[in-house]
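Residues: numbered from 1 along the sequence shown.
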Amino acid sequence: MRSIQKSREPNSLRDLRNTAGAMYSGPQSDWQEALLAEQGHLCAYCMARISMERSQEKGAKPKMEIEHFLPQEDYSDQQLVWSNMLAVCNGSTGSKPHCDKAEGGKNSLGHFIKGKKHGDVTLIRLNPLSTETSEDILIYSLSGEIKSINQTAEVEDDLNLRLNLNDERLVQFRKDRIDLAKKVLETKCPNRRWNQRDFDNEIEIWSTPSEGELKPYYKAIVWFLNWMKQRPRYN
């Protein structure tokens with residue numbers, strides 16, 4: 001998960017919000033395009049690639065959806081507010097639904113936690129609209145898991161139940177990217193005599209958009225490179 005800097009809202013959204021009795025009835029293409037641009041074409045939650053492309057199936061939806069961070073069911077006054085809108089994936093790339101399609105489950109205390117799918121769920125600690133509630137409180141593992149930096153129960157419930165971001169396939173995707181980043185390092189410097197500048201250069205490369213698109217799951221790679229940089233010996 002990365003923090004998202006909101007851009008200027010589309011004029012069509014502002015005009016609709018200023019129309020008496022207007023309600024959110026579905027996405028408009030210019031809203032979707034603006035969200036894709038400000039998020040680097042990555043899902044706000046799992047960081048998978050999203051786009052306006054559709055599969056070949058009849059009636060297929062674009063490979064993205066608009067998510068209301070504060071659910072419309074409980075925050076009707078926020079349904080046409082740009083700062084409450086995020087672009088997310090369709091939640092189907094994992095072995096089970098994730099992101100705003102997560103079903104939920106029991107936490108470590110045995111309490112059932114509803115997932116985002118239920119439509120009336122607000123994340124307790126995580127919020128991709130702030131660095132302090134996203135990047136600063138999350139770490140990864142070499143195996144691709146995403147975790148709370150302080151093992152905070154509320155963050156873990158957000159990650160694992162409300163969003164299901166540690167679905168086994170998502171974990172594997174992140175691990176694959178971490179492994180790729182390490183392979184690139186070893187290819188550029190086979191003797192493994194890396195220095196701080198090498199890591200900084202790689203972080204910049206992986207973090208830089210190409211034609212407006214960020215690399216999927218790149219925050220896991222950035223974590224890995226910073227982790228390597230802080231080790232007394234590189235291996």
Side-chain angles (χ1 to χ4, degrees), residues 1-5 36-51 53 63-64 86-96 98-99 126-128 130-151 155-156 158-160 163-235:
M1 186 178 291
R2 63 180 284 263
S3 60
I4 297 168
Q5 295 289 107
L36 286 172
E38 72 182 17
Q39 293 180 201
H41 294 246
L42 299 184
C43 173
Y45 295 137
C46 72
M47 298 191 68
R49 170 72 68 229
I50 55 176
S51 71
E53 295 180 6
K63 297 177 181 178
M64 68 159 290
L86 301 169
V88 297
C89 66
N90 299 132
S92 59
T93 54
S95 59
K96 293 182 179 180
H98 54 86
C99 296
L126 289 179
N127 183 348
S130 167
T131 301
E132 293 78 9
T133 55
S134 57
E135 299 176 25
D136 287 355
I137 60 175
L138 298 175
I139 58 172
Y140 298 82
S141 72
L142 295 178
S143 61
E145 292 177 306
I146 182 171
K147 305 177 180 180
S148 162
I149 196 169
N150 294 319
Q151 298 182 322
V155 177
E156 296 291 332
D158 280 349
L159 288 171
N160 297 314
L163 294 173
N164 191 30
L165 293 188
N166 278 315
D167 175 85
E168 59 184 354
R169 289 190 66 190
L170 293 181
V171 169
Q172 186 63 52
F173 293 152
R174 291 192 289 263
K175 181 181 185 300
D176 290 345
R177 300 299 281 179
I178 289 172
D179 291 346
L180 174 61
K182 186 172 184 179
K183 184 176 181 179
V184 169
L185 270 176
E186 293 172 343
T187 300
K188 291 182 178 180
C189 189
N191 62 12
R192 298 190 176 189
R193 292 180 180 175
W194 302 301
N195 57 44
Q196 301 286 297
R197 182 175 295 180
D198 292 327
F199 292 115
D200 290 339
N201 288 341
E202 289 301 303
I203 289 171
E204 182 175 0
I205 290 170
W206 285 104
S207 302
T208 300
S210 174
E211 297 183 352
E213 295 186 358
L214 289 164
K215 300 169 182 64
Y217 314 108
Y218 82 96
K219 276 297 178 182
I221 297 174
V222 170
W223 168 85
F224 164 71
L225 293 169
N226 278 313
W227 177 79
M228 288 284 287
K229 187 170 69 169
Q230 295 166 9
R231 289 168 65 83
R233 295 182 61 186
Y234 309 131
N235 52 51

Asp179 with Lys175: basic N within carboxylate O range, under 4.0 Å: yes

Check ion pair Arg2-Glu135 (N to O, under 4.0 angstrom): no

What distance separates [X] [atom1] from [Y] [atom2], expressed to the nearest 0.5 Å?
X: Leu180; Y: Phe224; atom1: CG; atom2: CZ; answer: 10.5 Å
X: Trp227; Y: Phe199; atom1: CH2; atom2: CZ; answer: 10.0 Å
X: Asn127; Y: Ile137; atom1: CG; atom2: CD1; answer: 9.0 Å
X: Lys183; Y: Thr187; atom1: NZ; atom2: OG1; answer: 6.5 Å
X: Ser130; Y: Asp136; atom1: OG; atom2: CG; answer: 7.5 Å
X: Trp194; Y: Leu225; atom1: CH2; atom2: CG; answer: 10.0 Å

Residue pair [X] / [Y]: nearest heavy atoms and the distance that separates them:
X: Trp206; Y: Ala181; answer: CZ2-CA, 3.9 Å
X: Leu86; Y: Tyr45; answer: CD1-OH, 3.8 Å
X: Ile178; Y: Ala220; answer: CG1-O, 3.9 Å
X: Leu214; Y: Pro209; answer: CD2-CG, 3.6 Å
X: Ile146; Y: Arg174; answer: CG2-NH2, 3.5 Å
X: Cys46; Y: His98; answer: SG-CE1, 3.9 Å

I'd like to check the side-chain contact (heavy atoms from CB on, under 4.5 Å) partners of [X]; sequence neighbours left out, ordered by chain and number.
X: Glu168; result: Ser95
X: Glu145; result: Ser141, Ser143, Lys147, Asn166, Val171
X: Thr208; result: Glu204

Is the backbone of [Y] close enough, under 3.5 Å, to the side chain of [X] for a donor and an acceptor to pair up by distance?
X: Arg49; Y: His41; answer: yes
X: Asn201; Y: Asp198; answer: no
X: Glu202; Y: Leu185; answer: no
X: Asp158; Y: Leu126; answer: yes
X: Arg169; Y: Thr93; answer: yes
X: Lys219; Y: Tyr140; answer: no
X: Glu156; Y: Ser148; answer: yes
X: Asn90; Y: Ser92; answer: no

Is there side-chain contact between [X] and [Y], with heavy atoms separated by less than 4.5 Å?
X: Ile221; Y: Lys215; answer: no
X: Leu159; Y: Leu138; answer: yes
X: Val88; Y: Ile50; answer: no

Should Met47 and Tyr218 be marked as a side chain to side chain contact (heavy atoms under 4.5 Å, CB included) after you check the CA-CA gap, both sets of side-chain angles, and the distance that decides it? CA-CA 8 Å; Met47 298 191 68; Tyr218 82 96; 3.3 Å; yes

Do Asn191 and Cys189 pass the side chain to side chain contact (heavy atoms under 4.5 Å, CB included) test, and can you show the C-alpha distance, the side-chain angles, and the key distance before you say yes or no? CA-CA 6 Å; Asn191 62 12; Cys189 189; 2.9 Å; yes

Assess, by modelled atom type and distance only, whether the side chains of Gln230 and Asn226 contain a donor and an acceptor separated by less than 3.5 Å. no

